[in-house]
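Notes follow the structure.
For the numbers below, each heavy atom of this structure counts, side chains included, while hydrogens, waters and symmetry mates do not. Atoms within each ligand, like the ligands themselves, are counted from 1 in listed order. Residues take their numbers from the sequence shown, with the count starting at 1.
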Amino acid sequence: RAEAVINDSSSPAVVDRSNESIKHNIKPASSKWRHNQTLSLKIRKQILKFLDAEKDISVLKGTLKPGDIIHYVFDRDSTMNVSQNLYELLPRTSPLKGKQFPTCAIVGNSGVLLSSGCGPEIDAHSFVIRCNLAPVQEYSQDVGMKTDLVTMNPSVIQRAFEDLVNETWREKLLQRLHSLNGSILWIPAFMAKGGKERVEWVNELILKHHINVRTAYPSLRLLHAVRGYWLTNKVHIKRPTTGLLMYTLATRFCNQIYLYGFWPFPLDQNQNPVKYHYYDSLKYGYTSQASPHTMPLEFKALKTLHQQGALKLTVGECD
Ligand code: CTP
């Protein structure tokens, strides 16, 4: 039923939706939450049996050469050639090599962030992860500005930058990339065949304009490994969302993990409407029948971890 809530924006099931947000009620940030160090370490250890974020965060230069053929993770019959540009942008060593941070923020893109005032709290974390090149400047009071790692699904180029149809959109993307200023740009380039050209456009822009980002391209086994971990823990996800992927990776190098902007429901805890994204007008129905994700299920798992003190979810205002 939770799936239907997310997948059918035209559904008149308003009652169902309210129930969803009530069901997922999370106490305000100020209520008592204690980090459970023992559990966090146990989770890190378990996840390490499936993947190693230090390695799986990116394919390294030494392991590929231009012209190599790669089978897409989700479209095994389709292949791509490693281009010269892609090769040049592969890191030589893991961008997370030997890294340990006391606290990390993972910022999802839910509209629940709007009017949260969470910006300063988010920026105070030692490492901040964001998803899909979501804009920050105009929303800094609620989402903060600090960005240490940002993901970019190739589809973002279509969704947020009009497939670079003209100079204006190219310029917009260029500005966003320039603003990253040394952070890690994480591009799942080997997942699905549709993104090939978009990844190439971005690679070309980065090289041509000498953009100061550290590019990373997740390993071919990462998604299945993450899915394997969650399935083993009885969380029956179809394909992990970027948000869940980031949490799973962060367990390796973050001591405490704080999640913001994770709320895949159209009503908040007080039954007020919540935008799907804080920055655009994408509807919940966007995910549709074809959605590979099971977001409410993921949320339930994250909520359980919040209650156990393994992570902290903030779904309302910050103090
Ligand atoms: N998210 C959420 N609730 C929303 C929107 C997003 O919990 N209403 C979380 C999800 O974990 C999601 C992440 O924030 O993966 C980033 O959001 P978005 O850019 O919308 O990701 P998706 O479009 O779902 O892309 P992907 O397929 O990469 O997950």
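Counting heavy atoms closer than 4.0 Å to ligand 1, residue Trp263 contributes backbone atoms (N, CA, C, O) but none from C-beta onward.
Distances from atom 1 (N) of ligand 1 to the heavy atoms of Gly261, Gly243, Pro264 show the closest one on Gly261. Closest heavy-atom approach to atom 22 (P) of ligand 1 within the set Val107, Thr241, Asn132: this belongs to Asn132.
The environment of Glu204 atom CD is sparse: at most 12 non-hydrogen atoms of other residues, nucleotides or ligands sit within 6.0 angstrom.
Between the side chains of His35 and Ser40, a donor-acceptor pair is found at a separation under 3.5 Å. Between the side chains of Tyr260 and Glu121, at least one donor N or O sits under 3.5 Å from an acceptor N or O.
Atoms of ligand 1 found under 4.0 Å from any heavy atom of Asn153 (numbered from 1 in listed order, with element): 25 (O), 26 (P), 27 (O), 28 (O). Within ligand 1, the atoms closer than 4.0 Å to a non-hydrogen atom of Arg159 are 23 (O), numbered from 1 in the order shown. Residue Cys131 approaches ligand 1 through these ligand atoms, each under 4.0 Å from one of its heavy atoms: 16 (C). Using a 4.0 Å cut-off to heavy atoms of His277, the atoms of ligand 1 that qualify are 18 (P), 19 (O), 20 (O). When each atom of ligand 1 is checked for a heavy atom of Gly108 under 4.0 Å away, the hits are 14 (O).
Among residues at least two apart or in separate chains, there is no ring pair (Phe, Tyr, Trp, His ring centres under 6.0 Å) pair with a member in residues 168-195.
Taking the six-membered ring for Trp and the full ring otherwise, Phe299 and Phe265 have centroids separated by under 6.0 Å. No close placement of the Tyr278 and Trp263 rings is indicated, their centers lying 6.0 Å or farther apart.
Residue-ligand proximity: Met191 is placed with every non-hydrogen atom at 4.0 Å or more from ligand 1.
Between Asn109 and ligand 1, at least one N/O pair is under 3.5 Å apart. For ligand 1, the polar-atom distance check finds no N/O of Tyr279 at less than 3.5 Å from any of the ligand's N/O atoms.
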Contacts table for residues 130-138: side-chain donor-acceptor under 3.5 angstrom, sequence neighbours left out:
from	atom 1	to	atom 2	distance (Å)
Arg130	NE	Lys146	O	3.0
Arg130	NE	Thr147	OG1	3.0
Arg130	NH1	Val143	O	2.8
Arg130	NH2	Val143	O	3.0
Arg130	NH2	Lys146	O	2.9
Asn132	OD1	Asn153	N	2.9

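The aromatic rings of Tyr247 and Trp230 are tilted relative to each other, their planes meeting at an angle between 30° and 60°.
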